[in-house]
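On a predicted model such as this, the values are computed, not experimentally measured, just so you know. Note that the numbering runs from 1 along the sequence shown for the chain.
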Amino acid sequence: MEPLIKTNSENVITLAQYLATASHYLSYGKALSSLLLNIADCTKSIAALTAKGALVNVGHKLDVTNVQGEVQTNIDVLSNDLFIAGFKKSGLVSGLVSEELDAPVLFTEAEKNGKFLVVFDPLDGSSNVSVNVSTGSIFSILAAFKDANKIYDFLQAGNKQLAAGYALYGPSTMLVITIGSGVQGFTLCPETQEFVLTHPDIQIPKISSEFAINASNERHWEVPVQNYINECIAGSNGTRERDFNMRWVASMVADVHRILMRGGVYLYPVDNKLPAKAGRLRLLYEANPISFIVEQAGGKSTTGRKRILEIQPTDIHQRVPVILGSSIEVSLLELYHSEFDSQRAEERVLSLT
């Protein structure tokens with residue numbers, strides 16, 4: 001019996017073929033292409049693990065917390081180990097930073113040949129695995145410096161990234177990457193186990209009527225975010241004069257992927273719930289790579305007050321507020337933050353006179 005759905009094999013471009021062509025225009029050429037293919041292989045293994053779900057109890061919580069203070073699950077540890085083993089075997093990576101590890105891992109045997117540093121979140125939204133909801137992996141590739149302190153080498157601003165991407169483990173497995181010349185989306189073919197280019201030159205719509213935010217934190221938001229969300233909720237009866245929908249998966253990869261596909265804005269803003277933390281998302285391996293992708297797709301990414309890719313990191317696990325997505329919506333949020341800060345500054349001056 002023939003399959004009900006056939007794969008169109010005509011004009012298929014695989015990830016390997018795309019990178020073979022793209023490598024001619026890259027400063028690190030074939031080495032960077034090889035590393036991206038290595039990462040793709042790791043994501044295939046993680047996709048297979050997440051697909052097994054409860055059959056192998058991958059969502060089981062361990063009696064261990066990571067450096068973030070988050071309880072680890074089996075799949076967190078397994079995904080992290082898969083990436084580390086893959087990077088070490090490649091001989092292309094001299095060091096890495098992971099969400100799951102306190103300190104960087106340095107591969108001393110690869111220092112002479114390892115041209116790259118990799119920072120990554122092995123499984124974003126891992127708590128979703130136990131309820132069979134989409135998760136993902138996020139990564140950023142940086143240049144490794146010779147004869148330098150490798151720990152501080154990781155503290156590079158986001159605009160120094162050589163490549164970035166994420167894998168989405170959902171109804172289909174996708175790999176979305178940028179090498180600084182647009183954003184390409186590849187879908188994993190279950191039969192051939194090849195990533196095939198299915199979403200070339202992704203562009204985020206400039207106007208959209210969707211927003212993604214954890215509404216349970218509303219009472220902790222700053223005024224600019226409260227005002228923006230209230231305007232969206234007011235819909236066609238308010239100043240925006242159109243209705244909005246809210247979406248929230250609690251996996252950054254899943255929420256951002258939807259925005260890449262059909263527009264909108266994603267917010268994990270600064271709030272006063274945990275004042276000691278400047279934000280919730282990690283700059284190096286969440287905010288920076290996703291911001292690189294969003295900007296390459298024609299969108300914007302900001303803290304509300306500063307372009308994320310211009311932030312100079314001070315710690316490998318540094319946190320920042322994140323607002324990203326369709327350029328018009330993000331620009332409006334930046335305006336609201338600017339007006340709010342100006343008003344507060346004016347009030348401070350008046351209080352001193």
Set out, in order, the CA-CA distance, both residues' side-chain angles and the distance that settles salt bridge (Lys or Arg N to Asp or Glu O under 4.0 Å) for Asp121 and Arg282, then state yes or no. CA-CA 9 Å; Asp121 181 350; Arg282 276 60 60 134; 5.1 Å; no

Quick one: do Ser140 and Asn288 satisfy side chain to side chain donor-acceptor pair (under 3.5 Å)? Show the steps, please. CA-CA 8 Å; Ser140 168; Asn288 272 345; over 6 Å; no

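- Both Ile138 and Val320 sit in one connected hydrophobic cluster of ILVMFWY residues. Membership requires side-chain heavy atoms under 4.5 Å apart, directly or through other members.
- By the criterion of side-chain heavy atoms lying less than 4.5 angstrom apart, applied directly or through intervening Ile, Leu, Val, Met, Phe, Trp or Tyr residues, Ile290 is grouped together with Tyr268 in one hydrophobic cluster.
- A donor-acceptor contact under 3.5 angstrom links the side chains of Ser126 and Asp76, judged on distance only.
- Leu260 is not connected to Ile323 by any chain of hydrophobic side-chain contacts under 4.5 Å among Ile, Leu, Val, Met, Phe, Trp and Tyr, and they are in different clusters.
- For the residue pair Glu347/Gln343, the side-chain donor-acceptor check at 3.5 Å is satisfied.
- Cluster annotation: Val322 and Ile204 are assigned to the same hydrophobic cluster (Ile/Leu/Val/Met/Phe/Trp/Tyr, side-chain heavy-atom contacts under 4.5 Å, transitive).
- Using a 4.5 Å cut-off on side-chain heavy atoms (C-beta onward), Glu329 and Ser208 make no contact.
- Phe139 places a side-chain heavy atom less than 4.5 Å from the side chain of Leu36.
- For Glu346, the CD atom counts as loosely surrounded, since its 6.0 Å shell holds 12 or fewer non-hydrogen atoms of other residues, nucleotides or ligands.
- Evaluated for a side-chain contact (heavy atoms from CB on, under 4.5 Å) with Gln156, the options Val119, Leu162, Leu117, Leu284 yield exactly one hit, Leu117.
- Evaluation of the salt bridge (Lys or Arg N to Asp or Glu O under 4.0 Å) test over residues 247-269, restricted to residues two or more places apart or in two chains, returns Glu210-Arg258, Glu210-Arg262, Asp255-Arg258.
- For the side chain to side chain donor-acceptor pair (under 3.5 Å) test with Lys300, the passing option among Ser327, Ser291, Ser331, Ser326 is Ser331; the others fail.
- Contact annotation: the side chain of Trp248 never approaches that of Phe211 to less than 4.5 Å [non-hydrogen atoms, C-beta and beyond].
- Leu142 places a side-chain heavy atom less than 4.5 Å from the side chain of Gln161.
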Starting from the C-alpha separation in whole Å, work towards a yes-or-no answer on side chain to side chain donor-acceptor pair (under 3.5 Å) for Thr43 and Tyr169. CA-CA 9 Å; Thr43 65; Tyr169 313 117; 4.9 Å; no

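- Remark: Glu286 does not engage Arg280 in a salt bridge, criterion side-chain N to carboxylate O under 4.0 Å.
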Donor-acceptor contacts, no H, no angles, side chain residues 78-87, under 3.5 Å, sequence neighbours left out:
from, atom 1, to, atom 2, distance (Å)
Ser79, OG, Ile75, O, 2.7
Asn80, OD1, Ser98, OG, 2.5

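- Cluster annotation: Tyr166 and Tyr18 are assigned to distinct hydrophobic clusters (Ile/Leu/Val/Met/Phe/Trp/Tyr, side-chain heavy-atom contacts under 4.5 Å, transitive).
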